[in-house]
Amino acid sequence: QGNPFALTRMGSLCEDESLSPEHLKRAMDILSRFDDPPASLASLIPVGDDRSRQQLLARRFWLEGSLRGNPNAQIALGDEAMELGVGSNREDLRVVAATLFGLAAQQGL
């Protein structure tokens, strides 16, 4: 379910805050169709985070793209996980980041 390249691109559009309010609503509708992320990855999309809604949507799109094997999504989400892990001193997020970077590297990125 879901095109990994399109999911990754949607994440980038959200990060750049390039979506109109109508497209943003549509993006949220698309994400509502997906299952909740695995508990080990749910902390990448914290509800009380100070990031904009579009940044949180970007992480969720990258998570979906990463789970479907897109190396660009894995790099983008790994970068977010590393930033969160270093900022909050959470080793588990740094491990997630290293894993995502490793998966992307195995695919040639």
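Only this structure's heavy atoms are used, side chains among them; waters, hydrogens and symmetry mates stay out. Residue numbers start at 1 and run along the sequence shown.
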Q. Looking at NE2 of His23 and SG of Cys14, how far apart are the two atoms once the value is rounded to the nearest 0.5 Å?
A. 11.5 Å
**Q.** Side-chain heavy-atom pair Ser18, Gln54 within 4.5 angstrom cut-off
**A.** no
Q. Residues two or more places apart in sequence or in another chain: which of them pass side-chain contact (heavy atoms from CB on, under 4.5 Å) with Asp79?
A. none
Q. In chain order, what residues pass the salt bridge (Lys or Arg N to Asp or Glu O under 4.0 Å) check against Arg68, with sequence neighbours excluded?
A. Glu64
(Q) For Asp29, is there an ion pair with Arg33 - N to carboxylate O distance below 4.0 angstrom? (A) no
Q) Closest approach of Leu93 and Ser88, non-hydrogen atoms and distance? A) CD1-OG, 4.4 Å
Could you list the donor-acceptor pairs under 3.5 angstrom formed by side chains in residues 99-109, with sequence neighbours left out?
{"unit_1": "Thr99", "atom_1": "OG1", "unit_2": "Val95", "atom_2": "O", "d": "2.9"}
{"unit_1": "Gln107", "atom_1": "NE2", "unit_2": "Gly69", "atom_2": "O", "d": "3.4"}
{"unit_1": "Gln107", "atom_1": "NE2", "unit_2": "Gln74", "atom_2": "OE1", "d": "3.0"}
{"unit_1": "Gln107", "atom_1": "NE2", "unit_2": "Leu103", "atom_2": "O", "d": "3.4"}

Q. What residues form a side-chain hydrogen bond (donor to acceptor under 3.5 Å, both in side chains) with Glu22, not counting sequence neighbours?
A. Ser20
Q: List in chain and number order the residues that pass salt bridge (Lys or Arg N to Asp or Glu O under 4.0 Å) with Asp92, two or more places apart in sequence or in another chain; answer none if no residue qualifies.
A: Arg90
Q) Can you name the residues that form a salt bridge (Lys or Arg N to Asp or Glu O under 4.0 Å) with Arg26, not counting sequence neighbours? A) none
Q. Taking side chain as C-beta onward, heavy atoms only, is Leu41 less than 4.5 Å from Leu67?
A. yes
Q) Between Arg94 and Met82, is any pair of side-chain heavy atoms under 4.5 Å apart? A) yes
Q. Which atom names give the shortest non-hydrogen contact between Thr8 and Trp62, and what distance separates them?
A. O-NE1, 3.5 Å
**Q.** By salt bridge (Lys or Arg N to Asp or Glu O under 4.0 Å) - contacts of Asp16 (at least two apart)
**A.** none
(Q) Running the 4.5 Å side-chain criterion over Ile, Leu, Val, Met, Phe, Trp and Tyr, what cluster does Phe34 land in, apart from itself? (A) Leu7, Met10, Leu13, Leu19, Leu24, Met28, Ile30, Leu31, Leu57, Phe61
Q. If you take all heavy atoms of Gly78 and Ala97, which pair is closest and at what distance?
A. O-CB, 3.3 Å
